[in-house]
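Indexing begins at 1, ligand by ligand and atom by atom, following the structure's order. When reading the values below, keep in mind they use all heavy atoms of this one structure, side chains included, and skip hydrogens, waters and symmetry mates.
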Amino acid sequence: MRLCSIKGKRVRGLEGWYNALSAGDVVKIQPISSSEGVIEALIPRKNVFGRFNEKGSADQAFAANVDVVVCVASVISPPFRPRFIDRVSVLTEQCGVPLIIACNKVDLGIIEDNEERLGIFETLGFRVIRCSAKNQEGIAELKEAIRGKVAVFIGQSGVGKSSLINIILPDVAQRTAEVSEKYNRGKHTTTLAVLLDSKEEDINLIDTPGFRSLAMRNIEPDQLSSFFPEMLPLLGHCEFGASCSHTHEEGCAVMAAVERGEIFHDRYESYLRIRAELESNGHWRKKREAPRQSRNNKFRYEEDEW
Ligand SMILES: Nc1nc2c(ncn2[C@@H]2O[C@H](COP(=O)(O)OP(=O)(O)OP(=O)(O)O)[C@@H](O)[C@H]2O)c(=O)[nH]1
Ligand SMILES: [Mg+2]
Ligand SMILES: [Zn+2]
């Protein structure tokens, strides 16, 4: 292991990004000593999973070169937020990376509504693993699903990302903390995205800080429906063809499918909300403003920032 610094302010090729480098990046280094080096260049990324950082007004990478995104949710405390998972699913569809939904804390029980919603995700082709870091249910399944891959664990603060990782890779323990009783949400215990690996297990995973919001900016509103697998086969079948926004038009095949119950109404509601957000704030039309550089130029995220 070598501690490396960046030459200059940015690694070439990453100008305009909120963070200079991201967990999972592969770089070329110039060794200085047996324990130190300088990062010279970024090996082109296979893919990058991230979001738009509103404060910094720039794209922020959560992880690069990932094979699978594991969205951790909890059944309760903090509450199950399927619309958050919908947003994550749009981003994974956009960057073409498979999504696993790890529904954690099942030792606390799953209510029927949440079971129904998880079933919807499964019928859409997303893998759902019901698990518990507390009683170890589903851990073997989760481990098998990520073996041999680079997996990034994302999700709201307090859902148990670090706790799951501690069970999967007990030798590289991560800090965890109680969910606040008052606000029923996590305390942003993890503040740095880190790649952890175990050669014996052939598991590489990236723990990330929890985030509260997932702003959507870099999708053209008319492209959004193509990131909803349930809408994909219907596209082009609306009366207004490709120009249909699927929000109000007569003869809309998507809306008809919602009415027939073939598209789950709550997923359609997510579509409407994300679409409205993209129409009012999206960067799809505007030329992107010059992004502000993060203050410390490191891949450290401040509490509550993402
Ligand atoms: N009952 C129960 N509690 C759990 C389980 N997994 C984690 N917890 C608890 O949930 C709390 C938050 O867990 P963390 O692992 O710190 O959550 P995190 O997702 O890493 O949170 P951030 O780092 O803030 O993003 C801790 O008190 C854990 O003990 C579980 O399967 N069941
Ligand atoms: Mg954590
Ligand atoms: Zn339509």
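- In Lys28, the NZ atom is not crowded: 12 or fewer heavy atoms of neighbouring residues, nucleotides or ligands sit closer than 6.0 Å.
- Inspection of the Ser22 and Asn19 side chains reveals no N or O donor paired with an N or O acceptor under 3.5 Å.
- The closest non-hydrogen atom to atom 2 (C) of ligand 1, taken over Thr176, Thr189, Asn166, Asp107, comes from Asp107.
- No more than 12 heavy-atom neighbours from other residues, nucleotides or ligands sit within 6.0 angstrom of CD1 on Ile76.
- Scanning the protein for heavy atoms near atom 21 (O) of ligand 1, the closest one is Gly158 N, 2.9 Å.
- In summary, Thr190 places an N/O/S atom under 2.8 Å from the Mg ion (ligand 2), meeting the contact criterion.
- Taking a cut-off of under 4.0 Å to the non-hydrogen atoms of Gly210, the atoms of ligand 1 that pass are 25 (O).
- Heavy-atom contacts of Ala133 reach the following atoms of ligand 1: 6 (N), 30 (C), 31 (O) (cutoff under 4.0 Å).
- At a 4.0 Å heavy-atom cut-off, ligand 1 touches Val159 through backbone and side chain alike.
- Close approach to Lys134 involves these atoms of ligand 1, each under 4.0 Å from a residue heavy atom: 1 (N), 2 (C), 30 (C), 31 (O), 32 (N).
- Nearest protein heavy-atom contact of atom 6 (N) of ligand 1 is Asn104 ND2, 3.1 Å.
- Shown in contact with Leu108 at under 4.0 Å from a heavy atom are these atoms of ligand 1, numbered in order with element: 1 (N).
- At a heavy-atom cutoff of 4.0 Å, ligand 1 is contacted by no atom of Val106, backbone or side chain.
- Summarising the local packing, CD of Glu259 is surrounded by 12 or fewer heavy atoms from other residues, nucleotides or ligands at distances under 6.0 Å.
- For the atom pair CD1 of Ile206 and NZ of Lys161, the computed distance is 14.0 Å after rounding to the nearest 0.5 Å.
- Ranked by closest heavy atom to atom 10 (O) of ligand 1, the top entry among Lys105, Glu178, His188 is Lys105.
- Asn218 and Asp59 are linked by a side-chain donor-acceptor pair at a separation below 3.5 angstrom, with hydrogens and angles left out of the test.
- Scanning the protein heavy atoms around atom 17 (O) of ligand 1, the nearest turns out to be Gly160 N, 3.2 Å.
- Here the CG atom belonging to Asn166 is positioned 9.0 Å from the CG atom belonging to Leu164, to the nearest 0.5 angstrom.
- With a cut-off of 2.8 Å, the Mg ion (ligand 2) has an N, O or S atom of Ser162 in range.
- At the Zn ion (ligand 3), the angle from SG in Cys252 to SG in Cys238 is 110° when rounded to 10°.
- The Zn ion (ligand 3) has no N, O or S atom of His237 under 2.8 Å away, backbone or side chain.
- At a cut-off of 3.5 Å, with distance as the only test, a side-chain donor of Ser245 or Glu249 sits close to an acceptor on the other residue.
- Taking every non-hydrogen atom of Ser132 and a distance limit under 4.0 Å, the qualifying atoms of ligand 1 come out as 31 (O).
- Between Arg273 atom CZ and Tyr268 atom OH the span is 13.0 Å, to the nearest 0.5 Å.
- No hydrogens or angles considered: nothing links the side chains of Ser162 and Thr176 as a donor-acceptor pair under 3.5 Å.
- Vertex the Zn ion (ligand 3); arms to Cys244 atom SG and His246 atom ND1; angle 110° (nearest 10°).
- A cation-pi arrangement, defined by a distance under 6.0 Å to the six-membered ring centre and an angle within 45 degrees of its axis, is absent between Arg51 and Trp17.
- The closest heavy-atom contact to atom 16 (O) of ligand 1, among the options Ser162, Ala177, Cys131, Ser157, comes from Ala177.
- The structure places CG of Leu234 at 8.0 Å from CD of Glu262, a figure rounded to the nearest 0.5 Å.
- Around atom 15 (O) of ligand 1, the closest heavy atom drawn from Gly155, Ser74, Ser163 belongs to Ser163.
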